There are 2 protein chains.
Amino acid sequence: MPATSTPSGGAPRVLGHPSRDAIRLEDVLHALADPVRLGIVLVLDEAEGECSCSVFDAPVSKSTLTHHFRVLREHGVITQAYRGTAKMNALRRDDLEDLFPGLLDTVLTAARRQAAAGLGAGAGAAATGATSRS
Amino acid sequence: MPATSTPSGGAPRVLGHPSRDAIRLEDVLHALADPVRLGIVLVLDEAEGECSCSVFDAPVSKSTLTHHFRVLREHGVITQAYRGTAKMNALRRDDLEDLFPGLLDTVLTAARRQAAAGLGAGAGAAATGATSRS
DNA sequence: CGCGAAGTACGATAGGTCTCGTACATTCGT
DNA sequence: ACGAATGTACGAGACCTATCGTACTTCGCG
């Protein structure tokens with residue numbers, strides 16, 4: 001895939017990620033405070049690697065999903081890279097762990113625990129997060 | 001303090017707090033995602049007990065401060081109780097720890113670390129004091 | 001009882017976020 | 001080259017949030 005030629009007027013194929021130092025705790029918390037995004041991060045965490053944008057169970061449209069991914073990326077929670085028509089996502093575990101030790105893990109654990117507790121009514125599915133909104 | 005009597009047209013002297021089961025992770029995260037509130041929680045954590053509403057260095061007006069305290073309370077992060085003209089605030093450490101083990105501690109540690117790393121352009125939440133935790 | 005202090009309520013305002021649908025761009029396979 | 005698949009951009013709309021100022025209530029004190 002030699003880049004035959006950069007399209008003159010195409011959309012930017014380059015994705016901007018914040019540097020490690022630019023990641024703010026408030027932003028990460030904010031990013032994680034949304035049920036949809038929390039679900040995404042949950043899935044990404046279990047995937048432990050790359051993940052396409054469209055394997056999520058979120059009850060939102062594609063546009064909205066794109067929006068959430070962007071928020072996650074711009075707030076330093078995930079990295080994204082193009083791979084053909086798909087876009088691979090991955091958690092920035094190293095950066096996050098270095099900046100806020102244990103944070104991601106703790107939040108994710110709490111999220112799983114809450115999801116499990118909230119499913120007390122018998123449903124057994126659901127590892128994919130995305131709990132319903134308030 | 002005897003509850004003299006409910007004034008006919010006065011503000012409710014009773015403060016509603018969510019029950020432990022009603023506390024949602026997303027809400028807590030959201031509450032913590034604001035710099036002002038994070039600063040409040042930081043101070044409250046160091047106070048380890050009660051704390052008046054007006055000992056904060058937040059660069060906001062009193063009304064706004066009240067608003068933030070309410071958000072914190074309604075999202076299950078703190079408890080509030082009247083004591084004369086003052087209102088005492090305290091973290092709901094037990095409930096939070098029971099629901100989301102380690103979360104509060106991790107977030108607070110991360111906040112202190114970030115504050116220490118980015119000193120200079122203070123975002124408002126002063127609260128730079130003893131770094132040692134009990 | 002009147003005054004000051006602490007905090008709340010309410011209204012207003014500016015800005016953000018979440019959601020969507022539709023139109024468009026880019027890549028892959030045939 | 002064409003079509004399908006994946007994802008983006010761009011409005012637009014509804015809702016929520018953060019902020020403020022001012023008026024008000026309640027409490028403690030002299």
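Everything numeric here is computed off the predicted structure, so don't read it as measured data. In what follows, chains carry the letters A, B, and so on, assigned in the order in which the sequence lines appear, proteins first and then strands, with residues in each chain numbered from 1.
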**Pair T106(B), T109(B): side-chain N/O donor-acceptor within cut-off below 3.5 Å** = no

**Prompt:** Hey, which of these two, H75(B) or V60(B), hits DNA chain D nearer its 5' end, going by closest nucleotide?
**Reply:** H75(B)

**Whole-Å distance separating the CE atom of M88(A) from the P atom of dG7(D)** = 7 Å

**Asked** For atom CZ of R20(B), is the number of surrounding heavy atoms from other residues, nucleotides or ligands below 6.0 Å larger than 12?
**Response** yes

**Message:** Counting only side-chain nitrogens and oxygens, does H68(B) get under 4.0 Å of the OP1 or OP2 atom of dT19(D)?
**Reply:** yes

**Request:** Report the distance from atom CD of E26(A) to atom P of dG16(C), rounded to the nearest whole Å.
**Result:** 16 Å

**Request:** For dT26(C), take OP1 and OP2 only and decide whether either is under 4.0 Å from a side-chain N or O of T85(A).
**Result:** no

**Request:** In whole angstrom, give the distance that lies between atom CG of L72(B) and atom P of dA18(D).
**Result:** 11 Å

**Value in whole Å for how far the C1' atom of dA9(C) lies from CG of L15(B)** = 14 Å

**Asked** Are the side chain of R37(A) and the backbone of H68(A) linked by a donor-acceptor contact shorter than 3.5 Å?
**Response** no

**Request:** For R70(A) and dA9(D), give me the distance from atom CZ to atom C1', rounded to whole Å.
**Result:** 8 Å

**Message:** With side chain to side chain donor-acceptor pair (under 3.5 Å) as the criterion, how do T64(A) and S61(A) come out once you've worked through the C-alpha distance, each side chain's angles and the decisive distance to 0.1 Å?
**Reply:** CA-CA 5 Å; T64(A) 305; S61(A) 71; 3.1 Å; yes

**Request:** Evaluate the ring planes of H30(A) and H30(B), with Trp represented by its six-membered ring, and classify them as parallel (under 30°), tilted (30 to 60°) or perpendicular (over 60°).
**Result:** parallel

**Message:** Rounded to whole Å, how long is the line connecting atom CZ of R37(B) with atom P of dC16(D)?
**Reply:** 15 Å

**Prompt:** Which part of the nucleic acid does R83(B) contact within heavy-atom distance under 4.0 Å: base, sugar-phosphate only, or nothing?
**Reply:** nothing

**Message:** Should the side chain of S63(B) and the base of dT19(D) be counted as holding a donor-acceptor pair, with the cut-off at 3.5 Å?
**Reply:** no

**Prompt:** Counting side-chain heavy atoms from CB outward, which of dG7(D), dC20(C), dA9(C) is closest to S52(A)?
**Reply:** dG7(D)

**Asked** Nearest of dC20(D), dG7(D), dC18(C) to any side-chain atom of T64(B)?
**Response** dC20(D)

**Prompt:** What is the distance from CG of L65(B) to P of dT17(D), rounded to the nearest Å?
**Reply:** 18 Å

**Item:** Spacing of H67(B) atom NE2 relative to dG11(C) atom P, expressed in whole Å
**Value:** 16 Å

